[in-house]
Amino acid sequence: MSERSALQRRIRVWLALFIVCLVLSGLTAFPLVSELRWANALIDNEWLRRVGDGLDQADAAYPFLLYGTDWLAFAHLVIAVFFYGVHRDPVRNIWIVDAGMIACAGVIPLALICGPIRGIPLWWSVIDMAFGVFGVIPLLVLRRMIKRLERLERLERLERLEGLEGQEGPERREAVPATG
């Protein structure tokens, strides 16, 4: 297996890990009421009880409020779909990885600003911020590998061009990348 093929395979493995985590994170936002009931049956925590009670009351009296968390879940799934572009062409679509890293960084100020406004305990905001911190790790690894792949592809093109130096015709046109 060539270095390029091995690198592409590692990129796809890290990408799959990130996509699976993103999808699981999204899917868990749909059944919040039942998840909190389950969590409260397992763990005796005042904050979780309060959140569970709030969700139960909202579900009973104002179920449309939970529609917002359905959209949150859907957004995670849609973002995961965008990462398929990285699978198709990592070098060309590295911007998706960059956007994901920006989104992970944005979790921290969101939690620090909106958490206190909404009465979220600091320790819970730290848990929320951990999603951004841990989410950026595979993206940083992916970005580094994609940049390495980009260098390998550029080197391969240069080697092909050097081998075709002085030649004209279809072989040279295929080796010379289109600009623009």
Short side-chain to backbone donor-acceptor contact, Arg49 and Asp44, under 3.5 Å: no
Residues, nucleotides or ligands: over 12 heavy atoms within 6.0 Å of Phe64 CZ: yes
Linked, directly or transitively: Leu24 and Val81 (ILVMFWY side chains, under 4.5 Å): no
Any donor-acceptor pair under 3.5 Å from Asn45 side chain to Leu48 backbone: yes
Connected via hydrophobic side-chain network under 4.5 Å: Leu42 and Ile127: yes
Side chain proximity check, Leu77 to Val23, heavy atoms < 4.5 angstrom: yes
Nearest non-hydrogen partners of Leu139 and Gly100, listed with the distance: CD1-C, 3.5 Å
Minimal non-hydrogen separation, Met129 against Val107, with atom names: CA-CG1, 3.9 Å
Close side-chain approach of Leu22 and Ile19, heavy atoms under 4.5 Å: no
Straight-line distance of Phe82 CZ to Trp95 CH2, nearest 0.5 Å: 6.5 Å
Interatomic spacing from CZ in Phe74 to CD1 in Ile79 - rounded to 0.5 Å: 10.5 Å
Leu17 with Leu27, same ILVMFWY side-chain cluster at under 4.5 Å: yes
Taking every non-hydrogen atom, the tightest pair across Pro116 and Ala111: CD-O, 3.7 Å
Val97 versus Phe83, closest heavy-atom pair with distance: CA-CE2, 4.2 Å
Distance (rounded to the nearest 0.5 Å) between Asn40 CG and Asp53 CG: 7.5 Å
Aromatic plane relationship, Trp47 with Trp123 - under 30° parallel, 30 to 60° tilted, over 60° perpendicular: perpendicular
Shortest non-hydrogen contact between Pro90 and Ile146, atoms and distance: O-CG2, 3.4 Å
Polar side-chain atom of Asn93 near backbone of Gly85 as donor-acceptor pair, under 3.5 Å: yes
With Val141 via side-chain contact (heavy atoms from CB on, under 4.5 Å) - residues at least two apart: Trp14, Met145
Gln8 CD to Arg4 CZ distance, which is reported to the nearest 0.5 Å: 5.0 Å
Pairing residues for Arg151 by the side-chain contact (heavy atoms from CB on, under 4.5 Å) criterion, not counting sequence neighbours: Lys147, Arg148, Arg154
Side-chain touch Phe30/Thr69, heavy atoms, less than 4.5 angstrom: no
Trp38 with Ile43, same ILVMFWY side-chain cluster at under 4.5 Å: yes
Atom pair CG/CG of Asp98 and Leu142 - distance to nearest 0.5 Å: 11.0 Å
Co-membership, hydrophobic cluster, residues Met101 and Ile96, 4.5 Å side-chain: yes
Counterpart residues, side-chain contact (heavy atoms from CB on, under 4.5 Å), relative to Leu158 (two or more places apart): none
Spatial distance of atom CG (Leu149) from atom CZ (Arg10) [nearest 0.5 Å]: 10.0 Å
Which atom of Ser125 lies closest to which atom of Gly115, heavy atoms considered: OG-CA, 4.0 Å
Side-chain heavy-atom pair Leu32, Glu35 within 4.5 angstrom cut-off: yes
